[in-house]
Amino acid sequence: MLGQSQFKRLRRLRGHPVMRQMLQDIVLRAEDLVYPVFVRSGKKIRSAVRSMPGIFQFSPDTALEELRALEQTGVKSFILFGVTDARHKDAKGSAAHDTDNAVCRTLELVRKKNLELYAMTDVCLCSSTSHGHCGILSKNAREVVDNDATIDRLGELALLHAQSGADLVAPSGMMDGAVAAIRHALDDSQFKHVPIMSYAVKYASAFYGPFRDAADSAPGFGDRSSYQMDPRRRRESLQEAQADLDQGADILIVKPGLPYLDILRDLREAFAAPLAAYHVSGEYAMIKAAAREKWIDETAVVLESLVAMKRAGANLILTYFARQIAPKLQSDSRAQSP
Ligand code: PBG
């Protein structure tokens, strides 16, 4: 038989539940989570997203109810995605700039009703363009989207959101120079204090499929690979992150979540800036589908996924599970306190 000194007994510290808990170095809090909310114009709308059970498109009035319910769970922040009715879409995505659109109306309601949530907005054109791309089309077939014409529009869009009451804006279209254009637009109009959380590292991913159902934003032709990143490139993520930090980004998003933890870790090691992970729609849909079949324990899988993102280096996590999972985190911490 081997003597004790010949191997290390790591199990010694796993025997007692208190010791196991004391040694946890990753803590997941409701405050870490950001809840994505889809809004469209109208009243009393609560339209289920087929591929995302539990997720709905809301009109501003019902979004307010959803956000009130969110407040009760301990989650402190949400991010709005505007959905445009098909008949209001056009080649330039004009509906996004309408001061009366669902994003602006919802922000105004949140302010008027004094919700204490931190309001973020997704800044992109894809749900209001008739072709579904994230910007204005280019005449140059290889570029698909005209970068420089698009970033001017994104600056205006971010300003509109800030004027309507957004606390933070999040450009998601992967246009070069978008962060600089938005920073200028905000600074020139007394919104120096509004941070930019940039989708700096956004891969061209099949995991966004259900979101495109939810936002009605699937590209009408081609794909997004002329602006989103190739999953087969690793180090480009550092270039993207550096470029956005140089332009004034305050927080960087890595997207998708679980399949890109290596990238999140690369960024964590290279930069001091706060990082966010986006636990995207396809990840949500897969967990929901497997749980519906009773093949996995939904709550356990969600908690483990979110902890993994924190462990890889995320400060914040954008997740469709925020509202559902936050009460479990609260009851965990109640159980811990005497
Ligand atoms: C808009 C945008 C997308 C997502 C967030 N912002 C879709 C896309 O790039 O096609 C995806 C979010 C998700 O899948 O949950 N540009």
Side-chain angles (χ1 to χ4, degrees), residues 33-40 49-57 78-84 89 93 95-96 103 120-129 131-136 144-145 147 150-151 153-154 157-158 161 168-176 178-179 182 196-231 240 251-260 276-289 302 305-306 309 316-323:
L33 307 180
V34 181
Y35 186 49
V37 176
F38 298 98
V39 289
R40 65 185 312 152
V49 177
R50 194 185 50 84
S51 50
M52 300 177 73
I55 297 298
F56 301 85
Q57 295 176 343
F78 65 92
I79 180 162
L80 287 182
F81 291 90
V83 184
T84 305
K89 296 188 191 218
V103 170
M120 307 181 174
T121 59
D122 184 87
V123 177
C124 194
L125 291 171
C126 60
S127 70
S128 44
T129 52
H131 43 76
H133 279 288
C134 297
I136 297 164
V144 183
V145 170
N147 192 85
T150 299
I151 62 177
R153 304 288 307 282
L154 296 177
L157 198 51
H161 292 176
L168 172 152
V169 291
S172 65
M174 288 298 284
M175 296 297 130
D176 293 324
V179 172
I182 290 173
I196 300 173
M197 178 166 77
S198 149
Y199 289 71
V201 177
K202 179 173 178 180
Y203 281 91
S205 170
F207 286 97
Y208 307 152
F211 174 96
R212 294 175 189 173
D213 262 1
D216 188 21
S217 64
F221 65 90
D223 58 29
R224 303 209 197 288
S225 53
S226 81
Y227 40 103
Q228 298 182 354
M229 295 163 61
D230 185 336
E240 283 286 357
I251 303 176
L252 305 176
I253 303 182
V254 174
K255 184 177 172 200
L258 280 195
Y260 292 80
Y278 200 139
H279 189 214
V280 302
S281 56
E283 301 178 75
Y284 177 86
M286 291 193 305
I287 293 175
K288 283 288 179 189
V302 174
S305 305
L306 300 177
M309 289 182 238
L316 310 179
I317 303 171
L318 291 80
T319 178
Y320 303 96
F321 285 109
R323 182 183 163 184

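Computed over heavy atoms, backbone and side chain alike; hydrogens, waters and symmetry mates excluded. Every number for a ligand or one of its atoms is a count from 1 in the order of the listing.
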With nothing but distance in play, are any N or O atoms of S217 less than 3.5 Å from an N or O of ligand 1?
no
Using a 4.0 Å cut-off to any heavy atom of V280, which atoms of ligand 1 qualify?
13 (C), 14 (O), 15 (O)
F211: partners by ring-ring contact (aromatic ring centres under 6.0 Å, His included), with sequence neighbours left out:
F38, F81
Within 45° of the axis and under 6.0 Å from the centre of the six-membered ring of Y208, does NZ or CZ of K255 qualify?
yes
Those residues at least two apart in sequence (or on a different chain) that pass ring-ring contact (aromatic ring centres under 6.0 Å, His included) with Y35 are none
By the definition side-chain contact (heavy atoms from CB on, under 4.5 Å), identify the one residue from V169, L168, V34 that meets it with I79.
V34
Donor-acceptor pair, K89 side chain versus S127 backbone, under 3.5 Å?
yes
Which residue and heavy atom of the protein sit nearest atom 16 (N) of ligand 1, plus the separation:
K202 NZ, 3.1 Å
Please identify which atoms of ligand 1 are closer than 4.0 Å to at least one heavy atom of C124.
16 (N)
Taking the inter-plane angle between the rings of Y260 and Y203 on a 0 to 90° scale, is it parallel (under 30°), tilted (30 to 60°) or perpendicular (over 60°)?
parallel
Member of R224, M175, M174 meeting the side-chain contact (heavy atoms from CB on, under 4.5 Å) criterion with V145:
M175
For ligand 1, which atoms have a heavy atom of Y278 less than 4.0 angstrom away?
12 (C), 15 (O)
Tell me if a side-chain donor or acceptor on Y227 pairs with a main-chain N or O of C134 at a distance below 3.5 Å.
yes
Is it true that, when you exclude F207 itself, more than 12 heavy atoms of the residues, nucleotides or ligands shown sit nearer than 6.0 Å to its CZ?
no
Could you tell me, atom by atom, which parts of ligand 1 come under 4.0 Å of a heavy atom of Y320?
12 (C), 13 (C), 15 (O)
State the atoms of ligand 1, each with its element, that fall below the 4.0 Å cut-off from a heavy-atom position in D122.
6 (N)
What protein heavy atom is closest to atom 14 (O) of ligand 1, reported as residue, atom name and distance in Å?
S281 OG, 2.7 Å
E283 touching ligand 1 at heavy-atom level, < 4.0 angstrom:
no
Out of curiosity, is C126 lining ligand 1, as in a heavy atom under 4.0 Å away?
yes
Y284 near ligand 1 by a heavy-atom separation under 4.0 Å
no
Taking C-beta and beyond as the side chain, do E283 and P259 meet within less than 4.5 Å on heavy atoms?
yes
Any atoms of ligand 1 less than 4.0 Å from a non-hydrogen atom of F81? List them with their elements.
5 (C), 6 (N)
Distance col, row I136:CD1 vs H131:NE2, nearest 0.5 angstrom, shows 8.0 Å
Can you report which non-hydrogen protein atom sits closest to atom 12 (C) of ligand 1, along with the distance?
F211 CD1, 3.3 Å
Provide the number and element of each atom of ligand 1 under 4.0 Å from a heavy atom of S172.
1 (C), 2 (C), 6 (N), 16 (N)
Starting from atom 4 (C) of ligand 1, which protein heavy atom do you reach first, and at what distance in Å?
K255 NZ, 2.6 Å
Mark up the atoms of ligand 1 that fall under 4.0 Å of a heavy atom belonging to C134, in ascending order.
16 (N)
Check if H279 has a non-hydrogen atom at a distance under 4.0 Å from any atom of ligand 1.
no
